[in-house]
2 protein chains.
Amino acid sequence: MGIELTPNQALDIWCRAAVDGVRRDAPDLSARQLALLLLVYMTEGPHTVRGLSETLNISKPAVTRAIDRLSKLDLVRRKSDENDRRSVLIQRTVKGSIFLREYSEIVASAALASTA
Amino acid sequence: MGIELTPNQALDIWCRAAVDGVRRDAPDLSARQLALLLLVYMTEGPHTVRGLSETLNISKPAVTRAIDRLSKLDLVRRKSDENDRRSVLIQRTVKGSIFLREYSEIVASAALASTA
DNA sequence: TAAAAACGATACGGGTTCGTAACGAGATTG
DNA sequence: CAATCTCGTTACGAACCCGTATCGTTTTTA
């Protein structure tokens, strides 16, 4: 439980992964969009706009826009809550799973290649 | 030399770090800006606009703008090359070192806290 | 020395994002 | 019911970023 990583190792891995991601011309997600995407996939739902807004400490319209972008890329999907029709549930998609899987493999191989 | 990391561990660590970064209200750098910053600090110089442009596979004006932003945040600094006055060298700053150090500690502690 | 090449910065039009404020739809309260 | 609250979204003006094309400066070439 837990991986020991020196700060320098962390930076080295991150640098390789970040550069690789930009070079590959992956969708240029902002830090917020990426954090939101990871949150939806790595934590248990249900995920709502309000909840994400509070977790990330950003405004609700910012969450709405991030979801607009991510759902346009088909990385995430909106579904209206049957129990409370004011709410919208943010759900995962197949494409999003594949996207994150690929990204995680970039990081993993960057870690394997790290020397620092 | 090299750290073994499963894709799921990588995502778990990344999620914690990304969410933490957004919550802390750190400067909201784009993927490109972050990659450029990491490149300047983690690889040997000298770093020029043209070189960074080629390494990241993005246009020169995009690099100029990224440097504009990063130097406005005092995370990076321009210095004209004495040998070739057409060139501009991108250099590190104290504030940038501190910024990356803090960020790397977020990642390291996220790795330590990871369970996946 | 004149012409060509290379450097980074700027102009431009189009797209995206920001936070604040207001909005309509739905749920809750009295 | 009617008033109020809560949900996510939209409107707005300002700021940022994109790539292409062009610019001024400096260096190299012929």
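Every chain is numbered from 1 and lettered A, B, ... according to where its sequence line falls, protein lines coming before strand lines.
At a non-hydrogen distance threshold of 4.0 Å, Arg65(B), Arg69(B) from residues 63-81 of chain B come into contact with DNA chain D. Taken residue by residue, residues 26-33 of chain A places heavy atoms nearer than 4.0 Å to DNA chain C at Arg32(A), Gln33(A).
Protein chain A contacts DNA chain C from dT17(C) to dA27(C), reading 5' to 3' and using non-hydrogen atoms of the protein with a distance under 4.0 Å.
Atom CD of Gln91(A) and atom C1' of dG8(D) are 16 Å apart (whole Å). Rounding to whole angstrom units, CZ of residue Arg50(A) and P of dC5(D) are separated by 14 Å.
Side-chain atoms of Ile90(B) and Leu52(B), non-hydrogen and from C-beta on, do get closer than 4.5 Å to each other. Here the side chains of Ile13(A) and Leu5(A) are in contact, with some heavy-atom distance below 4.5 Å. Looking only at side-chain heavy atoms (C-beta outward), Arg32(B) and Leu56(B) stay at 4.5 Å or farther from each other. Side-chain contact check for Leu29(B) versus Leu73(B): some heavy-atom pair is nearer than 4.5 Å.
A side chain to side chain donor-acceptor pair (under 3.5 Å) check over residues 64-76 of chain A, counting only residues at least two apart or in different chains, returns the pairs Gln33(A)-Arg69(A), Asp68(A)-Arg78(A).
Under the side chain to side chain donor-acceptor pair (under 3.5 Å) criterion, Arg86(A) pairs with Asp84(A), sequence neighbours left out. Applying the side chain to side chain donor-acceptor pair (under 3.5 Å) test to Arg24(A) and every residue at least two apart in sequence or in another chain returns Asp20(A). Under the ring-ring contact (aromatic ring centres under 6.0 Å, His included) criterion, Phe99(B) pairs with Tyr103(B), sequence neighbours left out. With sequence neighbours excluded, no residue forms a side chain to side chain donor-acceptor pair (under 3.5 Å) with Gln91(A). For Glu102(A), there are no side chain to side chain donor-acceptor pair (under 3.5 Å) partners at least two apart in sequence or on another chain.
Here Ile98(A) is tied into one hydrophobic group with Val94(A), each link being a pair of ILVMFWY side chains closer than 4.5 Å. Hydrophobic cluster of Leu89(A): no remaining members, since no ILVMFWY side chain lies below 4.5 Å from it.
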When you compare the protein's N or O atoms with those of nucleotides 21-27 of chain D, which come within less than 3.5 Å of each other, and at what distance?
unit_1: dT27(D); atom_1: OP1; unit_2: Arg85(B); atom_2: N; d: 3.3

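Heavy atoms of other residues, nucleotides or ligands lying less than 6.0 angstrom from CZ of Arg85(B) number 12 at most.
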